[in-house]
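Some notes on the structure that comes next.
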There are 2 protein chains.
Amino acid sequence: MTTHAAEGLRDRKKRQTRTALGHAAVRLVAEHGLDHVTVEDISAAADVSPRTFFNYFAGKEDAVLGPDPEAGPRLRARVLAQPADLSTAAAVREALLEEVAAELADDRELWLLRMRVVQQHPVLLAKLFSGGEALERDLVAGIAERVGLPADDTYPLLLGAAAGAAFRVAVTRWSSTAAPLHDLLAEALDLLAAGLAEPPRQS
Amino acid sequence: MTTHAAEGLRDRKKRQTRTALGHAAVRLVAEHGLDHVTVEDISAAADVSPRTFFNYFAGKEDAVLGPDPEAGPRLRARVLAQPADLSTAAAVREALLEEVAAELADDRELWLLRMRVVQQHPVLLAKLFSGGEALERDLVAGIAERVGLPADDTYPLLLGAAAGAAFRVAVTRWSSTAAPLHDLLAEALDLLAAGLAEPPRQS
DNA sequence: GTAAAATCCTGCACTTACTGCAAGTTTGCA
DNA sequence: TGCAAACTTGCAGTAAGTGCAGGATTTTAC
């Protein structure tokens, strides 16, 4: 996973309380349901004051689906690090697969819990998408940089949004089927690269 | 637009208060900013009690980006109404373009206001996406029905999500460039159909 | 190593969001 | 006309979320 070697005590503590709050939120909501868990409960479980909770998250839902503030830059770097002979779409594909592998290797159970919680509380879909949106911005920046177009051009925007769509579909299917996330994501990205051509009829 | 001929007094009044609340919300937020407008203000402007507001919308943000409850079924019907000799992706393309044309012809200024508000308050992106998500569900249902696959198969899910992505990109660009929404949406959908192939370099 | 500066945590007070309930009012229907 | 269903409203209460100021902790500079 991500290493945080040379980092002050203060930053380390901040990271700790942030993940403590996030984990407590997911665990408590998975157990008791979204609206039977208060910010006070979460704060108590993480051993900080309720007021401090709001120094880290904008609300309960942000704590559950906390947008990892480092994921965006990391994804952008992965896109730029792909071999130059890959097409842009292929580079995005590889970057996404790498990120998923790294993230899952790290926190597998946490992600499964999160998906279970989202399934039980569709309200959270909003936060899930907007969190993905922040990620998407960094992804678009990386794509634009790699391809030499402005970040507000149609191509980077669309490739980023389509990759995000493929990701969401893969995660959705992952939570309802037993297939590995890697395979589902690869399948979706391939379908996208084929121009969403007619699928094989299976009748 | 949509005609509501044979409809009781009661349903007509409900529609009226709903749109009154929605319009008031957009107008007030555009003028004073999102967090300088309370639910009480919106209710007063629409001439109903604050308590009634919550009978129509789950919150301030839902009122601004109110998901039109009829848009989903309408879009689904459009997909199914396309000529049978069109590919599925092409049918989705035509359905979306039709819907955009109809919607804009109806409420052009309202949509422009909405987009301005969203640009000024990125928090609303969450609701915008989740609203689009509800729409997407109906779209996916239509696609699945047309293509004869279950609605939780990868192909319908991905085509729906990708179409949603194209739509969001087109709307985003529409609010920052002066080009017609129809053209921007068509461009994005074409790019998608081409498998997101490398764009024309313009150096 | 110590003092000053920066940053973080916390409690308090306050506004707003949101929900259940029960009563009153309006509409639909026979 | 009169009954049933649906809509609106006020009230009361819980929880969310924010500004502020004081105290504690870490960092930086000397």
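Below, read A as the first sequence line, B as the second, and so on, with proteins coming before strands; counting in each chain starts at 1.
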Separation of D:dC11 atom C1' from B:E40 atom CD, nearest Å, is 14 Å
Pairs meeting criterion ring pair (Phe, Tyr, Trp, His ring centres under 6.0 Å) with involvement of residues 54-82 of chain B, two or more places apart: B:F53-B:F57
Counting side-chain heavy atoms from C-beta on, which of D:dT8, D:dC7, C:dT10 comes nearest to B:T52? D:dT8
What is the separation between atom NZ on B:K14 and atom C1' on D:dA6, rounded to the nearest whole Å? 8 Å
Among C:dT10, D:dA16, C:dA17, the nucleotide that comes nearest once only the side chain of B:F54 is considered: C:dA17
Can you tell me if the side-chain N/O atoms of B:K13 get under 4.0 Å from OP1 or OP2 in C:dT26? no
Run the salt-bridge test on B:R93 and B:D190 with the 4.0 Å N-O cut-off and return the result as yes or no. yes
With distance as the sole criterion, do the side chain of B:R51 and the base of C:dG20 form a donor-acceptor contact below 3.5 Å? yes
Any residue meeting side chain to side chain donor-acceptor pair (under 3.5 Å) with B:E145, in chain and number order, not counting sequence neighbours: B:R76
Please compare B:D11 and B:F57 by the position of their nearest nucleotide in DNA chain C and report the one closer to 5'. B:F57
B:V48 side chain, from C-beta outward: closest of D:dT9, D:dA16, C:dA17: D:dT9
Winner on side-chain proximity to B:R10, out of D:dT9, D:dA6, D:dA16, is D:dA6
Of the candidate nucleotides D:dT8, C:dT27, C:dA17, which contains the atom at the shortest distance from the side chain of B:K60? C:dA17
Could you check whether A:Y56 gets within reach of a base, just the sugar-phosphate, or nothing at all, counting any heavy atom under 4.0 Å? sugar-phosphate
